[in-house]
Amino acid sequence: MKIVIIGGTGLIGSQLTNLLKDKHEVIVASPNTGVNTLTGEGLDNALENAEVVVDVSNSPSFADDEVMNFFKTSTSNLLEAEKKANVKHHIALSVVGTQKLSSSGYFRAKQVQEGLIGSSSIPYSIVHATQFYEFAGGVAASSVKEKGIFVTDALVQPIASSEVAAFLAKTVEEKPNLGIAEIAGPEKMPMNQWIANYLSAMNRPSEITIEKDAPYFGAVLEKDTLVPEKAVFESNIRYQDWIADPKNQR
């Protein structure tokens, strides 16, 4: 089976490629490999005779207008190319809570992306994942202000990116579900606790102030916004065990 991975050089895409390449013909598609969904460059050639397309790409900019243009344009170009190639299954990676975060420009763009996929004639599966364990450092860095670190206590249920890639690999070999499947890690925890655990593991213990209105991609979170309503898969890899591995401490 020929599988095209859009965003195939990124965190998820590279792991997914490694999981599939021994069993299938895998095309790694990204601007670095001459395939650009935003301009359409290289799409038709990459998708020729493809049965499955997995889109794990992300916008290089999170500015409202630019992220909307990225997801709207790239998804439209991709779906059009898939129609011409007679692709049988479109799989897209998105985020748990996307439908609840309309105040965020990023998540409004993700909503548009999912709407385009759902209204297309191509059979599809959308996977909503919770925050990756690898994102804790970025959340911590974005939460620093002059007087300390300010993080919401809204719940998260983060997951190792390797488990996301494994679930996508399984989805590739299944029939399209024509809907959304939610996946998550094994434990719910307040985001401030998650970040405190990260900083402790990195030997940078810091006092964290709970700020309930601290924005996430520009949106204020309710308590359960970022946790799944009904996960179809929950990983067994606990964050404390994952972050204890030196190779994950970065």
Chemist: Taking the basic N atoms (NZ, or NE/NH1/NH2) and the acidic carboxylate oxygens, is any pair closer than 4.0 Å for Asp224 and Lys188?
Modeler: no

Chemist: Are side-chain N/O atoms of Ser162 and Gln15 paired as donor and acceptor at under 3.5 Å?
Modeler: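 The answer is no; no qualifying pair exists.
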
Chemist: Can you tell which of Val156, Thr152, Ile208 makes a side-chain contact (heavy atoms from CB on, under 4.5 Å) with Asn192?
Modeler: Ile208

Chemist: Using modelled atom types only, decide if a donor and an acceptor are shared between the side chain of Arg108 and the backbone of Ser102 within a distance under 3.5 Å.
Modeler: yes

Chemist: If we ignore hydrogens and angles and just use 3.5 Å, is the side chain of Ser104 paired with the main-chain N or O of Phe107 as donor and acceptor?
Modeler: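 Yes.
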
Chemist: What's the spacing between Glu25 CD and Leu20 CG if we round to 0.5 Å?
Modeler: 12.0 Å

Chemist: If we ignore angles and hydrogens, is there a donor and acceptor under 3.5 Å between the side chains of Asn58 and Tyr106?
Modeler: yes

Chemist: Return yes if some donor-acceptor pair links the side-chain N/O of Thr225 with the main-chain N/O of Leu221 below 3.5 Å, else return no.
Modeler: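 No: the side chain of Thr225 does not pair with the backbone of Leu221.
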
Chemist: How about Lys223: does its NZ atom have over 12 heavy atoms from other parts shown lying under 6.0 Å from it?
Modeler: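 Enclosed: over 12 neighbouring heavy atoms sit under 6.0 Å from NZ of Lys223.
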
Chemist: Tell me whether the rings of Trp242 and Tyr133 are parallel (<30°), tilted (30 to 60°) or perpendicular (>60°).
Modeler: tilted

Chemist: Can you tell me how far apart CD1 (Ile195) and CE (Met189) are? Round to the nearest 0.5 Å.
Modeler: 10.0 Å

Chemist: Does atom NZ (Lys100) have a neighbourhood of more than 12 heavy atoms from anything else shown, all under 6.0 Å?
Modeler: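 Check passes, neighbour count above 12.
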
Chemist: Is the shortest distance from a Lys or Arg side-chain nitrogen in Glu182 or Lys230 to a carboxylate oxygen in the other one below 4.0 Å?
Modeler: no

Chemist: Any side-chain donor paired with an acceptor under 3.5 Å for Glu114 and Ser94?
Modeler: yes

Chemist: Is it the case that the side chains of Gln111 and Thr98 hold a donor-acceptor pair, with the cut-off being a distance below 3.5 Å and no angle test?
Modeler: no

Chemist: For Glu174 and His89, which I'm curious about, is there any donor-acceptor pair between the side chains at under 3.5 Å?
Modeler: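 No pair is found: no donor N or O on one side chain lies under 3.5 Å from an acceptor on the other.
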
Chemist: I'd like to know if the side chain of Ser30 pairs up with that of Asn32 as donor and acceptor (distance under 3.5 Å, no hydrogens or angles considered).
Modeler: no

Chemist: Using 0.5 Å steps for rounding, measure from the CD atom of Glu134 to the CD1 atom of Ile159.
Modeler: 10.0 Å

Chemist: Roughly how far apart are Gln193 CD and Ile210 CD1, rounded to 0.5 Å?
Modeler: 10.0 Å

Chemist: Remaining members of Leu43's ILVMFWY cluster at a side-chain heavy-atom cut-off under 4.5 Å?
Modeler: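 Once heavy-atom contacts under 4.5 Å are chained together, Leu43 belongs with Val4, Ile6, Ile27, Val35, Leu47, Val53, Leu78, Val87.
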
Chemist: Are Glu211 and Lys145 within salt-bridge range, i.e. N to O under 4.0 Å?
Modeler: yes

Chemist: Could you walk me through whether Val172 and Leu168 pass side chain to side chain contact (heavy atoms under 4.5 Å, CB included), step by step?
Modeler: CA-CA 6 Å; Val172 162; Leu168 289 169; 5.6 Å; no

Chemist: Is Ser103 reaching over with its side chain to a backbone N or O of Ala219, donor-acceptor style, under 3.5 angstrom?
Modeler: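 No, the answer is negative, given that no donor and acceptor are paired below the 3.5 Å cut-off.
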
Chemist: Under a single-linkage rule joining Ile, Leu, Val, Met, Phe, Trp and Tyr whose side-chain heavy atoms are separated by less than 4.5 Å, which residues share a cluster with Val96?
Modeler: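 When side chains under 4.5 Å apart are linked, Val96 ends up in no cluster with other residues.
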
Chemist: Main chain of Leu116, side chain of Ser120: is a donor-acceptor contact present, judged purely on distance under 3.5 Å?
Modeler: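 No; zero donor-acceptor contacts below 3.5 Å.
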
Chemist: Are the side chain of Thr73 and the backbone of Phe70 linked by a donor-acceptor contact shorter than 3.5 Å?
Modeler: no

Chemist: Less than 3.5 Å apart, any donor N or O on the side chain of Gln131 or Gln157 sitting next to an acceptor on the other?
Modeler: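 No, because no side-chain N or O of Gln131 sits under 3.5 Å from a partner of the opposite role on Gln157.
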
